[in-house]
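Not measured: the values here are computed from a predicted model.
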Amino acid sequence: MPCIRLRSLVFRVMTIGALGSLLLAWTVPAAAGGDPAVTFQENAGHTGRAADGITPPLVKKWTAHFLRQPLYPLIADGRVFVSVPTDNFIFPHDTSQLYALDEATGNVLWGPLTIPNGNISFNAYDAGRLFNVTSGGDIRNLDPVNGTLGWNGNYFHLYTTGLASEYQVQAPVTASNGVFYPVGAYGIYAVDENTGMTKWTSGGAAGGGSAGVAVSSSGVYITSACYALDVDPATGYELWSYRGGCTSASTTTPVLYQGKLYDTDVASRNNLIFDAQTGTQLGTFTGLQSPAFDGGEGFFPYGTTLNAVNLGTNATTWSFSDGTPLSDDLAANGDVYVGSGAGNVYALNEATGAVDWHDSLGTAIVTTDTPTNDLAIGDGYLLVPAGSDLVAYASTVPVVTSLSPSSGPAGAKTSVAITGTGFTGANAVSFGSAPANSFTVVADNRIQAVTPAEPGGTVDVRVTTPSGTSPVTPADRYTYIQNAPTVTALSPEGGSTSGGTSVSISGSGFSTASAVHFGSLAAASYTVISDTSIAATTPPEAAGAVDVTVTNPAGASPTSPADQFTFVAPPVVTSLCPTAGPPTGGTTVTIKGTHFTNTTSVQFGNVPAAKFRAVSDTHIDAVSPREGAGTVDIRVTTSFGVNGTPSSSDQYTFTYEKVKAQC
């Protein structure tokens with residue numbers, strides 16, 4: 001288990017000038033994985049629900065040591081972002097420290113970045129950008145790759161937005177859909193993520209800077225001091241509000257789940273549930289900290305007890321306690337994760353409350369309301385702030401957390417980067433029921449695999465090691481994009497009406513072919529050589545041109561001149577002149593009939609003609625070979641067959657008798 005020490009007294013102070021001298025522009029990195037943790041309690045609704053396949057039992061991967069308690073970590077783009085409050089004895093006055101760690105190893109990727117104007121700062125992540133706000137009201141847009149400033153190398157102050165006395169930002173912040181939402185002493189701010197400029201402010205929601213906001217596409221919600229407010233995300237106009245009349249200051253962040261807003265008011269114990277759209281009070285709940293949700297269950301920390309509540313019946317289904325105060329909790333893949341003041345971290349079965357796994361860290365795991373230190377789950381990792389440490393856990397079985405790309409053409413051999421944890425020793429990778437065409441374990445958290453052919457649709461990508469097989473999660477889904485096949489060329493382009501011609505079909509989308517047709521008739525047989533090639537045998541068919549079509553689950557290939565195959569009747573001999581000649585050969589015989597184009601041979605019985613010339617589709621001149629006396633059938637062979645059943649019209653007699661000229 002790596003132990004990362006960050007106790008160096010060496011630090012950097014970045015003044016406004018120093019920050020401004022950094023890169024003025026940077027490239028937004030690739031989008032975060034399928035299950036990032038982008039703010040306090042995982043997401044913009046603060047639901048505590050992680051879309052992650054993390055599965056107990058867990059193993060400790062690394063521990064990072066800081067001088068003071070780290071705040072809630074973020075997980076995105078393979079990195080862990082965490083702010084650490086400072087004091088005035090070792091660090092510059094009124095500053096905090098910001099780090100980016102490698103999520104797989106805990107190694108420092110950049111930082112500590114000294115953030116002035118507040119000994120604490122809060123972070124949020126959105127669309128490939130990291131946002132930071134200090135307790136003194138400074139907001140920054142940071143490159144997650146190297147920590148440099150965006151917004152042309154500058155940062156902004158909340159008090160420049162029109163509220164000159166703004167101060168005291170003391171709660172988690174949220175970034176969502178291109179807007180960053182810090183909360184100060186006098187209200188909510190909607191800051192454009194691209195420019196740093198304030199889109200609107202809502203000063204009526206004075207929260208003392210001590211409450212965060214929950215955000216959806218239709219509302220921005222803040223709760224504070226027996227007060228709840230919903231404003232329009234586009235304009236900041238008030239949509240509904242609740243004023244309870246008390247004067248205590250709330251220090252918790254609201255939770256938005258399944259159309260309901262959960263307001264935990266620590267000071268007044270007035271915990272209310274609102275209809276998020278109308279503001280109608282729907283009920284109350286018991287809790288002192290932010291609850292977590294998954295499916296139809298809510299998990300509410302209340303002092304030393306965690307209560308699981310059925311949201312449909314409001315009945316408590318189970319309770320858990322180890323006798324010490326519990327942290328905020330998170331729900332992921334059927335388990336609820338919670339820490340305790342005794343230094344324990346637990347994975348509790350969502351359905352029963354049974355302890356599926358636990359570990360003892362020896363240091364209290366607590367959630368203080370301002371500032372907040374909280375667990376995070378993402379990319380297959382559980383991060384636990386315990387005292388001045390940040391501890392990372394991962395499943396002992398492999399977990400797939402993201403795919404890049406997450407879709408590709410059916411039948412094509414697409415290279416897919418599989419990200420997750422626990423990949424060392426992987427002995428199998430499957431796409432649905434089919435094994436990967438090939439795969440390489442690049443690192444414990446990355447596999448490069450090549451997709452097998454599939455008929456289309458969405459499948460789960462699973463990794464198997466000696467420890468087990470990765471669980472099925474939304475993050476492991478790969479979609480085969482199935483297009484109808486196309487036929488671009490045939491070789492040959494024609495054949496006999498009697499069938500049996502071997503035809504090479506070129507095109508695309510053949511890997512999942514389910515049928516090949518020549519006109520309305522199915523091929524006598526076919527073999528899929530590759531996604532671009534099929535070998536087919538023609539059926540018997542009447543003379544004429546037909547379209548050759550290939551069918552896969554997405555449909556049949558469209559017809560075009562490139563797919564036309566011409567069935568041609570075999571040759572027919574209708575008359576000979578002369579009908580006899582000497583056994584010594586050398587007689588020129590005029591053969592009349594049909595379908596003589598592309599004649600490849602003329603035989604007198606079993607002996608080839610001495611020579612021949614196809615004059616037209618109905619006329620061949622052939623020179624008889626040496627042959628014993630007797631009557632034979634003349635056989636004309638073309639690319640499309642040989643003349644059929646022998647008849648008197650194709651018979652030629654070798655004779656020593658003098659033959660009267662007939663032609």
Side-chain angles (χ1 to χ4, degrees), residues 2-8 11-12 14 32-33 36-43 50 60-87 91 95-115 118-126 129-135 140-147 169-175 212 327-328 330 337 339 345 361 363 365-368 370-394:
C3 185
I4 313 303
R5 297 194 172 274
L6 305 174
R7 294 185 181 274
S8 171
F11 55 85
R12 293 178 293 164
M14 285 197 169
V38 296
T39 186
F40 169 71
Q41 287 291 97
E42 297 289 307
N43 50 52
K60 192 180 296 182
K61 303 293 285 189
W62 50 263
T63 300
H65 302 286
F66 301 93
L67 283 174
R68 296 186 67 185
Q69 169 186 296
L71 302 188
Y72 61 92
L74 308 184
I75 305 172
D77 287 334
R79 298 172 177 85
V80 172
F81 305 100
V82 63
S83 289
V84 181
T86 60
D87 54 45
F91 295 91
T95 63
S96 64
Q97 300 287 298
L98 176 60
Y99 295 84
L101 311 178
D102 185 303
E103 69 177 22
T105 65
N107 294 332
V108 177
L109 298 176
W110 53 260
L113 184 65
T114 299
I115 305 293
N119 73 332
I120 59 172
S121 63
F122 303 97
N123 303 304
Y125 184 97
D126 186 36
R129 298 180 180 183
L130 178 65
F131 300 92
N132 174 276
V133 62
T134 70
S135 55
R140 289 171 171 80
N141 169 19
L142 299 162
D143 182 350
V145 174
N146 53 35
V169 177
Q170 297 181 9
V173 291
T174 303
S327 71
D328 290 352
L330 302 178
Y337 293 83
V345 58
L361 294 174
T363 303
I365 305 166
V366 297
T367 297
T368 55
T370 306
T372 297
N373 74 321
D374 191 49
L375 284 60
I377 293 176
D379 292 353
Y381 294 92
L382 166 68
L383 299 181
V384 182
S388 59
D389 292 341
L390 180 63
V391 183
Y393 293 92

Close side-chain approach of S135 and I120, heavy atoms under 4.5 Å: yes

When you measure from the side chain of S96 to the backbone of N119, do you find a donor-acceptor pair of N or O atoms at a distance under 3.5 Å? no

Are L390 and V384 side-chain neighbours, meaning at least one heavy-atom pair lies under 4.5 Å? no

State, yes or no, whether a side-chain contact exists between R140 and V133 at a heavy-atom distance under 4.5 Å. no

Taking it one step at a time, do L74 and R79 satisfy side chain to side chain contact (heavy atoms under 4.5 Å, CB included)? CA-CA 8 Å; L74 308 184; R79 298 172 177 85; over 6 Å; no

In terms of heavy-atom contacts, Q97 and P112 come closest through OE1-CB, 2.9 Å

Given side chain to side chain contact (heavy atoms under 4.5 Å, CB included), test L383 with Y393 step by step and report yes or no. CA-CA 6 Å; L383 299 181; Y393 293 92; over 6 Å; no

Between L361 and A386, the two heavy atoms sitting closest are CD1-CB, 3.8 Å

Search all heavy atoms of A376 against all heavy atoms of A37 and return the closest pair with its distance. CB-CB, 4.2 Å

Hits for side chain to side chain donor-acceptor pair (under 3.5 Å) against N43, two or more places apart or cross-chain, chain-then-number order -> T47

Identify, with sequence neighbours excluded, every residue that meets side chain to side chain donor-acceptor pair (under 3.5 Å) alongside S83. S121, N123

What I'd like to find out is whether the side chain of L142 reaches to under 4.5 Å of the side chain of L98, using heavy atoms alone. yes

Without swapping roles, check the side chain of W62 against the backbone of E103 for a donor-acceptor pair under 3.5 Å. yes

Shortest non-hydrogen contact between Y72 and V173, atoms and distance: OH-N, 3.5 Å

Could you work out, with side chain to side chain donor-acceptor pair (under 3.5 Å) as the rule, every residue matching T174, not counting sequence neighbours? H46

Flag the pair Y337 / L382 as yes when at least one side-chain heavy-atom distance between them is below 4.5 Å, and no otherwise. yes

Got a donor-acceptor contact below 3.5 angstrom from the T95 side chain to the T114 backbone? no

For D126 and F131 the tightest heavy-atom approach is O-CE1, 4.0 Å

Under the ring-ring contact (aromatic ring centres under 6.0 Å, His included) test, residues paired with F81 that sit two or more places apart: none

Does a side-chain heavy-atom distance below 4.5 Å link L375 with D328? no

Do T86 and L67 have side chains that get closer than 4.5 Å, going by heavy atoms? no

Check: V391 main-chain N/O paired with D389 side-chain donor or acceptor under 3.5 Å: no

Can you tell me how far CG of L109 sits from CG of N146, rounded to the nearest 0.5 angstrom? 10.5 Å

State yes or no: are the ring centers of F66 and Y99 separated by less than 6.0 Å? yes

Counting only N and O atoms by type, is there a donor-acceptor contact under 3.5 Å from the side chain of E42 to the main-chain atoms of I377? yes

Does L113 reach the side chain of I115, with side-chain heavy atoms less than 4.5 Å apart? yes

What residues, two or more places apart in sequence or in another chain, satisfy ring-ring contact (aromatic ring centres under 6.0 Å, His included) together with Y381? none

